[in-house]
Amino acid sequence: MCFGLANDAVTAELEAIGALEGLSKKEVKAKTGGLVRERIPALAQRVADAIAGHGFARVEAVNGYINISFDANRMAARLIGEVLERGDAYGRVAPVAETVMVEHSQPNTHKAFHVGHLRNSCLGVSLTHILRAAGYQVQDANYIGDIGMHVIKCLWCYERFHRGEEPIEPAARGRWLGEIYAESDARLNFRKDVLDFLHLLATEDPTFVAAIDKMLKFLWRKNTEGEDIAYLLGRIAAAQPIKDELLREQDVIVKFWPIIGDQLRDQIANPKPIAPVDGAPEPTTTPEERLATWERLAEHIDDWWPHVPAWREEVRETFQRWEAQEPGFVQLWETTREWSLADFRRIFDELGARFDVWFFESEVEAEGREIVQELLERGIAEVSEGLPVVKIDEKLGLETPTYRTLPILRSDGTTLYSTKDLALTRRKFERFGVDRAIWVVDVRQSLYFQQIFKVLELWGFTQAAQSFHLPYEMVRLPEGVISSRKGNVPIYDDIRDAVVARAREIIEEKNPDLAPEVKETVAWQVAIGSLKYAMLARDNNKVVTFDLEEALSFEGHAAPYIQYAHARACRILENAGVIPADLEAAAASLDFGTPAPEELSLLQAISALPDEIREAADDYRPLVIANYVFDLAKRFNDFYHACPVLQSPEPVRTARLALTAATRQTLANGLALLGIAAPAAM
RNA sequence: GCGCCCGUAGCUCAGUGGAUAGAGCGCUUGCCUCCGGAGCAAGAGGCCACAGGUUCGAGUCCUGUCGGGCGUACCA
């Protein structure tokens, strides 16, 4: 404030004596800048002198800032009294008459629940807690992907290759299905994987291109499939993508495959220095990695390559069996769906996610189709290239591609994600009476949601304006992106097993005297808390790099640090033999004497919780709370290292005990907002 | 092409337009006779990608450039 005042004063004075006349803006700035800087400290001092004594304990001017101190004992008594009196409710903001639905944790049945889903669930759960604390009426909604192409692919693969098989472990049936799904994906994309690999070789391996060029020419002369060889030759030499539908003989690639392997092995056995080519991009793979990929594909090339087109047709037919609601197929769907749902219920229970509403994709298919029909009838949607779409930019009269085109039904009449989302959104507002709907979905779906909201708007659905997509970035691994093709997807169950096991070890080492049941409970609380904190202590628009080693360390900036501070506070209170009620009664007349800086700093942090909740809710950012609660724990650490509690003489002892109790409560409330448990001992 | 996001310490990340830009990990050195060492104290480590602009004041706001990621009609 003093900076602004000084600037105004200096400018006014100079203007008054005409010193600024005819000068450019820049020149004025150069002239006033120094004067303003000189003026500030004196001005700040004057302001400080003027307000000193008006009920403030101390007022001082420092570096152009005015620092105001309040009577610490009075403020502390009031704050601690409020915290102890309100307990779990401390930090909560007055209720708001607005119902918000948060949709998150949209796992797909027949697929594995992995580390990516974990980020979504942690974010969603924390967000619902934060919004509730900020006074909103919150509906916590799950939306299970229990139908769609992935389900059909999985069931096709199950019937075709695993009929009659049952997962060995009943607790992991969903996971077993996920493996079947992964297999179906590998089978159906096999040709694409092979051709992408050839394209990769052609793009970043000049030695390979030269060698293959020679060999293909040799084959060309003596082979009957001359046209195919010529095609491959041309594409590889020019590093162009290869299309299998342009091959005359379907098995030419299969015949060609061993030659590629020989060449890759030869390159590794006799490495040649590669002369860098100007303008050519750096290779992204090593020769060893390329050979490994070749070997992985070689395992199935004879069996799989010829069948891919027929398999894809079978998948299409399988989808039609769903469409026709063929009883046997529906029965299979129901059984396998339940395997996945059982897994999900267990996982959400472990994560402390309790939903008010469970939506399923399968229950909005019919309603979605009706909406598509209506959109077509009203001319908002049209049939283009054989399928119903909404050409949004055209409808809005936009020149530059912005919202583009949204397909709303497949050409064979089966439903898309968009078909179902149109129906579900209407349901949320009309049947559930929400005022605002939030979708917690990863950032790659941003355009998709803008499209959905625009289509609803074009349809005349005014609540589209109250629909918000909350995007968050992806989870990666230290070694790169998560990819089911590369087979490096960390499954939730595996991560949890590793983290819980580590937590057990550490408890055994640090606190062997705890009762066995307590040890087990605490191991879970610390393990799950640690995982959650890793997911939440990163802003929504930042990629999370999930490092299992880091998640296992339990040291430093992590949940256990905060939980530990909470446990220490509990122990101090326990050793003192006081109960919160006693301290609450004493709160009105607390006397810290002359409070230590660590005590003031801690009091300040405790008082900040309501503001932090508001900020986190306004911006949908659990990170705000994650940072806050860590900072609070750190200040508590500073406090108990600097200020002995139990050995202090009265009345300071009681004051410090009350402060410890208030900190404990605030730590617990902050952790609760993140969905993290606060153990009393660990 | 068009659009969105990211770029801060060796690494992973914080940082309402305001004071000398902060944590954690890793590295160096200390601290358990003292409320629990999952902790604490100290040290080294920064042209806040780059260039302009707005402002009394920019890591923060605006424009552009470079680098990286993602999306862009029948996956979800």
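None of the values given here were measured: they were computed from a predicted structure. Chain identifiers are assigned alphabetically (A, B, ...) following the order of the sequence lines, protein sequences preceding nucleic acid strands; residue numbering begins at 1 within each chain.
In the set C35(B), G15(B), A38(B), A38(B) carries the atom at the smallest distance from any side-chain atom of V526(A). Of the candidate nucleotides C75(B), C40(B), G37(B), G37(B) has the atom lying nearest to any side-chain atom of R568(A). Taking every side-chain heavy atom of Y640(A) into account, C35(B) is the closest of A76(B), C40(B), C35(B). Nearest to the side chain of H641(A), among C40(B), C6(B), G15(B), sits C40(B). The side chain of R538(A) lies closest to U12(B), out of U12(B), G39(B), A73(B). Here A73(B) is the nucleotide among A73(B), C35(B), G69(B) with the atom lying nearest to any side-chain atom of S384(A). If you check C35(B), C13(B), C70(B) against the side chain of R571(A), the one that comes closest is C35(B). Distance from the side chain of Y561(A) is smallest to G39(B) among C75(B), U12(B), G39(B). Counting only heavy atoms from C-beta on, R621(A) has its side chain closest to G15(B) among C5(B), G15(B), U72(B). Proximity note for I507(A) (side chain, C-beta onward) versus A76(B), A38(B), C40(B): the nearest is A38(B).
Checking the phosphate oxygens (OP1, OP2) of C40(B), a side-chain nitrogen or oxygen of N637(A) falls inside 4.0 Å. Phosphate proximity of C35(B) to R653(A): absent, as no side-chain N or O sits under 4.0 Å from OP1 or OP2.
Nearer the 5' end of RNA chain B, as judged by each residue's closest nucleotide, is the contact made by A537(A), out of L406(A) and A537(A). For the pair L623(A) and K510(A), nearest-nucleotide mapping onto RNA chain B gives the more 5' position to L623(A).
Where pairing requires Watson-Crick or G-U contacts shorter than 3.5 Å, the helical stems of RNA chain B with at least three consecutive pairs are B:1-7 with B:66-72, B:10-13 with B:22-25, B:27-31 with B:39-43, B:49-53 with B:61-65.
Residue pairs meeting the side chain to side chain donor-acceptor pair (under 3.5 Å) criterion with at least one partner in residues 105-121 of chain A, sequence neighbours excluded, are E103(A)-Q106(A), S105(A)-S121(A), Q106(A)-N120(A), H110(A)-T336(A), N120(A)-Y472(A).
Atom CD in E615(A) sits roughly 14 Å away from atom P in A14(B) (whole-Å rounding). Atom-to-atom, CG of L375(A) to P of C74(B) comes out at 19 Å; the value is rounded to the nearest Å. Between the CD atom of E508(A) and the C1' atom of A38(B) there is a distance of 15 Å, given to the nearest Å.
With respect to the salt-bridge test (charged N to carboxylate O, under 4.0 angstrom), the residues E508(A) and K519(A) qualify. Residues D412(A) and R410(A) are not paired through a salt bridge, judged by the lack of any N-O separation under 4.0 Å between the basic side chain and the carboxylate.
Contact annotation for G145(A): no contact, since no heavy-atom pair falls under 4.0 Å across all strands.
Evaluation of the side chain to side chain contact (heavy atoms under 4.5 Å, CB included) rule for T415(A) yields E365(A), R369(A), L409(A), T419(A), K420(A) as partners, not counting sequence neighbours.
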Please list every donor-acceptor pair under 3.5 Å in which a side-chain atom of residues 384-391 of chain A meets a protein atom from a residue at least two apart or in another chain.
none

Any protein N or O atoms within reach of nucleotides 24-32 of chain B? Criterion: under 3.5 Å, listing atom names and distances.
| from | atom 1 | to | atom 2 | distance (Å) |
| --- | --- | --- | --- | --- |
| G24(B) | O2' | H557(A) | N | 3.2 |

Could you list, one pair per line, each protein nitrogen or oxygen that sits under 3.5 Å from a nitrogen or oxygen of nucleotides 1-4 of chain B, together with the distance?
| from | atom 1 | to | atom 2 | distance (Å) |
| --- | --- | --- | --- | --- |
| G1(B) | N2 | R404(A) | NH1 | 3.2 |
| G1(B) | N2 | R404(A) | NH2 | 2.8 |
| C2(B) | O2' | P401(A) | O | 3.2 |
| C2(B) | O2 | R404(A) | NH2 | 2.7 |

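Syn is the classification of C32(B), since its glycosidic angle stays within 90° of 0.
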Yes or no on salt bridge (charged side-chain N to carboxylate O under 4.0 Å, His left out) for R614(A) and D611(A), after CA distance, side-chain angles and deciding distance?
-> CA-CA 5 Å; R614(A) 247 186 300 262; D611(A) 286 339; 3.2 Å; yes
